[in-house]
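Numbered from 1 within each chain, the chains take letters A, B, ... in sequence-line order. The model shown is predicted, which means the values in this text are computed figures rather than measured ones.
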Amino acid sequence: MTTPHDIKRGVSLYSYQYETFLRRMTLDDCIAHAASLGARGIEVVSEQSFTGFPDVPQAQIDGWFDSLERHGAYAQCHDMFLDVKLYKDRKLNFEEMVTSLKRDLRFAKRLGCRNVRVIVNTPPEVVVACVPLAEELDVRMGIEVHSPFHFDHPWILRYTELTRATGSDHVGYVPDMGMYTKNYPPVFRDRFLRLGATPKIVEYILEAHAARVLADYVLMDVRKLGGNAVDLQMAETLRHNIWSNPRRMLEFMPWIFNIHAKFYEIDDSGREPAIPYEEIIPVLIEGGYQGHLSSEYEGQRHIEDAFEVDGREQVRRQQDMFKRLLGEA
Amino acid sequence: MTTPHDIKRGVSLYSYQYETFLRRMTLDDCIAHAASLGARGIEVVSEQSFTGFPDVPQAQIDGWFDSLERHGAYAQCHDMFLDVKLYKDRKLNFEEMVTSLKRDLRFAKRLGCRNVRVIVNTPPEVVVACVPLAEELDVRMGIEVHSPFHFDHPWILRYTELTRATGSDHVGYVPDMGMYTKNYPPVFRDRFLRLGATPKIVEYILEAHAARVLADYVLMDVRKLGGNAVDLQMAETLRHNIWSNPRRMLEFMPWIFNIHAKFYEIDDSGREPAIPYEEIIPVLIEGGYQGHLSSEYEGQRHIEDAFEVDGREQVRRQQDMFKRLLGEA
Amino acid sequence: MYDQHIIYPGSVRNTDDGAGWQFGARLPYYRGQILSAVEDIAITVDGEKIAREQVRFTVRGRTFTLDELETEYVERWEFGEVAQVSVLRPGGLPAGEHQVTAAVQLRISYLPWSPVTSCTTGATIAPAHA
Amino acid sequence: MYDQHIIYPGSVRNTDDGAGWQFGARLPYYRGQILSAVEDIAITVDGEKIAREQVRFTVRGRTFTLDELETEYVERWEFGEVAQVSVLRPGGLPAGEHQVTAAVQLRISYLPWSPVTSCTTGATIAPAHA
Ligand SMILES: [Mn+2]
Ligand SMILES: [Mn+2]
């Protein structure tokens, strides 16, 4: 028996990106698949699922709502980007960034999404400047706390400081579970081996990862061991795919609006070998989390060189795992 | 008025290292100076203050106790190192590391120290293996949580997991306040400028630090800006001198045995411009910390190329600040 | 990612007007991009590097030089969309087997570097109609 | 750190036995080290690099080659202690002004690299007694 909770299931259509790219799934197919698993909260990378962003033709928006309704799903979150490097010779200035985020808040409203995933490179001052509009529209902004960032990284600490000072409950977080990469992902390891990593150095990196050695030290050691470019690339992943403590979410729970349930693989036993959902979900239950677990499959990029990608099967397996861990049926 | 507390003041003799190196202060002078400030808990880097380690001649140990007694001070902490690279061609094995740490526990006992600072590169398994001896001797082992590590870094999380599983109250932490480098230390900046850093790039690094930009990004930007070797070295310091949240100590307070009150400079206004003791000390009071604030002056290495080092004056200023923040007199 | 999918399968051919050759190209990224983000499309054919000035990019009926792409802030290369990349070369490629590489460099705003993704494929050019 | 203090002030002189020259040297580190941690003491005089084999290290009456230091696991170079570093060179340095550099490389266990700290000083060699 599981503790009562109010956690909802959903899917980010990012998970079906490979099939969408190859035109093997339409937007309607994606929504239908998620809904068929009971994962009714739909998150969308709008610049992936629609065209002409931000001026998406109304026909596409109508199609979105039709699909949602037909399959018994609903809009949950719009994933926003900030093109600070739109111009080659200069970065967007403050006003331009604010304008960009406001545009996304309105777009989320148009899509019927209550939440916006704010990409992590967005300066906190820009988010703060958009709080009044977010409140007016009743759309919540959550910075994606994405590895190598984590709740205790200076960048996020500063975000917390500045956003909490607003007193608004329309500004918070969308943590990406990639920051809880407890074990080195087998799909990463296998790809580096295919690309020409040195098996003994791969072994060394896996041991160093398990021992939680500082990534900078591992990199220096791999250089000393004469590692090739692929070995170094693999060592670099230790910097970018971090382990931190899922219990750190507890302190921020009232402002966690959505969770990117990042995964690289659900294996035949039904587990994510790298990201320990069996540790993460109890923390969410304990903290009274009321948002979505939004499946975010990111294995495709690690296997596409050698295997058929099957986003549907992977999402199905993760949702099965969620049902089990959430005590459904 | 300050909240009642049980925080004690002390000095690590590391603070007087420059004068000790140049034979301008004896061990007795160091102890006398600390005690004269009411900082009676003495921490010692034994391989700096004694000779022949670990077989320090008894005359030196007798001298240590004589000085402590004469000046009204007492032994607080022995700073231990683990020479894993003693042999050029191999690292120490597990048994050798355990033997080394046990030797230090016995040495601490001989010095009359209740605490041992365990250097951060010590594998947690080695510390765990020494718990029975630590309990038998009633000497406590505290890993030095030292920047770039912090309480939420995987290396320290693993240490916590393994050491807390022992259930022992003789194993814990000696946090070094360098991990709370909130502002970029002026003495770092000035030294890099003297060494030939580019003023505009220095300005850029200071701004990026204040904005809490990911250190890897700053490094890449400095490379793109055409930074010279000194500029890159300055950018590297962002990796090694981190800001994290002092409130994270609260969770670990029962196992914090000593604090390295690291400082780079106390300026004429009596403040550490980089490390916010006015934020840190209230957290220690709130958490009921009962150990020492052990002055650890580390400015000498940043100014020795251009200025006279005066460890005594710096320690005096820091201890004055402590008295003020602790509500003494 | 999407490395192997940049050059659309079977799309390498000489242009109808005899001015050069072309292929269908997809953006190697997980979301559509405004064209100014495309820093380069470097093409190599049979080991020979094509000069940047010889390359044209066409999407939904509009054609750009690579320099023109850099200042196009509205038009997009959508996710999975097949654009046409053409190489000015009178007469096009000679009939027979060729090896074509396309390396796309994108300025991704949240990355401190501009990733290059590259695709190589064999292609057969049919003999011109007599 | 302690860069400028490696070569003890005024200590550069020819050895009494005429076999070479020497100077007093302090460890550029904040704690004493077991000798095996000393990976190198690279000496340059007037721009000329001294061969490693010509260098000797003497502390508290015991003399080592630099290779011998590497396998000495008990004897120490203490914090602030002045050791003698000598260079085998029959007749020593000619009388007059010289510039001497000593670069000490240490294998510090908790650092992934072996830092080199270097000190350069001018020195006057007095004419030999007639
Ligand atoms: Mn995500
Ligand atoms: Mn310290």
Side-chain angles (χ1 to χ4, degrees), chain B residues 147-150 152-155 179 181-185 188-189 192-193 195-245 274, chain C residues 1-6 25-44 49-53 55 57 64-79 85 101-120:
Chain B
S147 182
F149 297 102
H150 50 92
D152 295 288
H153 186 282
W155 176 255
M179 68 183 153
T181 301
K182 190 167 194 177
N183 309 305
Y184 196 82
F188 287 30
R189 177 200 63 200
F192 286 120
L193 285 168
L195 289 173
T198 314
K200 276 189 69 165
I201 292 182
V202 168
E203 214 44 58
Y204 170 78
I205 294 172
L206 296 177
E207 278 166 27
H209 181 267
R212 309 302 185 201
V213 178
L214 192 73
D216 306 63
Y217 290 1
V218 180
L219 267 160
M220 288 186 218
D221 282 346
V222 167
R223 259 185 225 112
K224 260 188 259 171
L225 291 168
N228 64 34
V230 179
D231 297 328
L232 287 166
Q233 213 187 325
M234 179 172 174
E236 276 283 350
T237 61
L238 301 195
R239 264 208 231 283
H240 297 290
N241 299 82
I242 69 162
W243 159 246
S244 65
N245 187 347
Chain C
M1 64 179 310
Y2 296 115
D3 310 50
Q4 60 187 313
H5 298 300
I6 296 174
R26 286 178 292 199
L27 180 74
Y29 194 51
Y30 68 82
R31 66 166 180 126
Q33 289 283 308
I34 292 176
L35 294 182
S36 71
V38 180
E39 296 210 321
D40 200 15
I41 302 176
I43 300 169
T44 309
K49 169 97 185 63
I50 305 296
R52 177 176 165 93
E53 297 69 36
V55 179
F57 180 90
F64 303 83
T65 65
L66 296 187
D67 283 356
E68 284 166 354
L69 287 184
E70 299 206 303
T71 54
E72 174 52 52
Y73 306 115
V74 175
E75 198 60 76
R76 302 171 61 87
W77 190 358
E78 298 289 2
F79 178 70
V85 171
T101 298
V104 178
Q105 181 164 23
L106 298 172
R107 189 171 63 255
I108 304 298
S109 280
Y110 61 78
L111 293 179
W113 61 91
S114 295
V116 176
T117 313
S118 145
C119 176
T120 297

Asks: Test of understanding: with salt bridge (Lys or Arg N to Asp or Glu O under 4.0 Å), list the residues that count as partners of C:Arg26, not counting sequence neighbours.
Replies: none
Asks: Can you pull out the residues in residues 232-239 of chain B with any heavy atom less than 4.5 Å from chain C?
Replies: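 Within residues 232-239 of chain B, no residue comes under 4.5 Å from chain C.
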Asks: Return the set of residues passing salt bridge (Lys or Arg N to Asp or Glu O under 4.0 Å) with C:Glu39 (not counting sequence neighbours), or none when no residue passes.
Replies: C:Arg107
Asks: Give me the contact list for residues 216-225 of chain B versus chain C, heavy atoms only, anything under 4.5 Å, ordered by residue number.
Replies: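 Within residues 216-225 of chain B, near chain C: B:Tyr217, B:Met220, B:Lys224.
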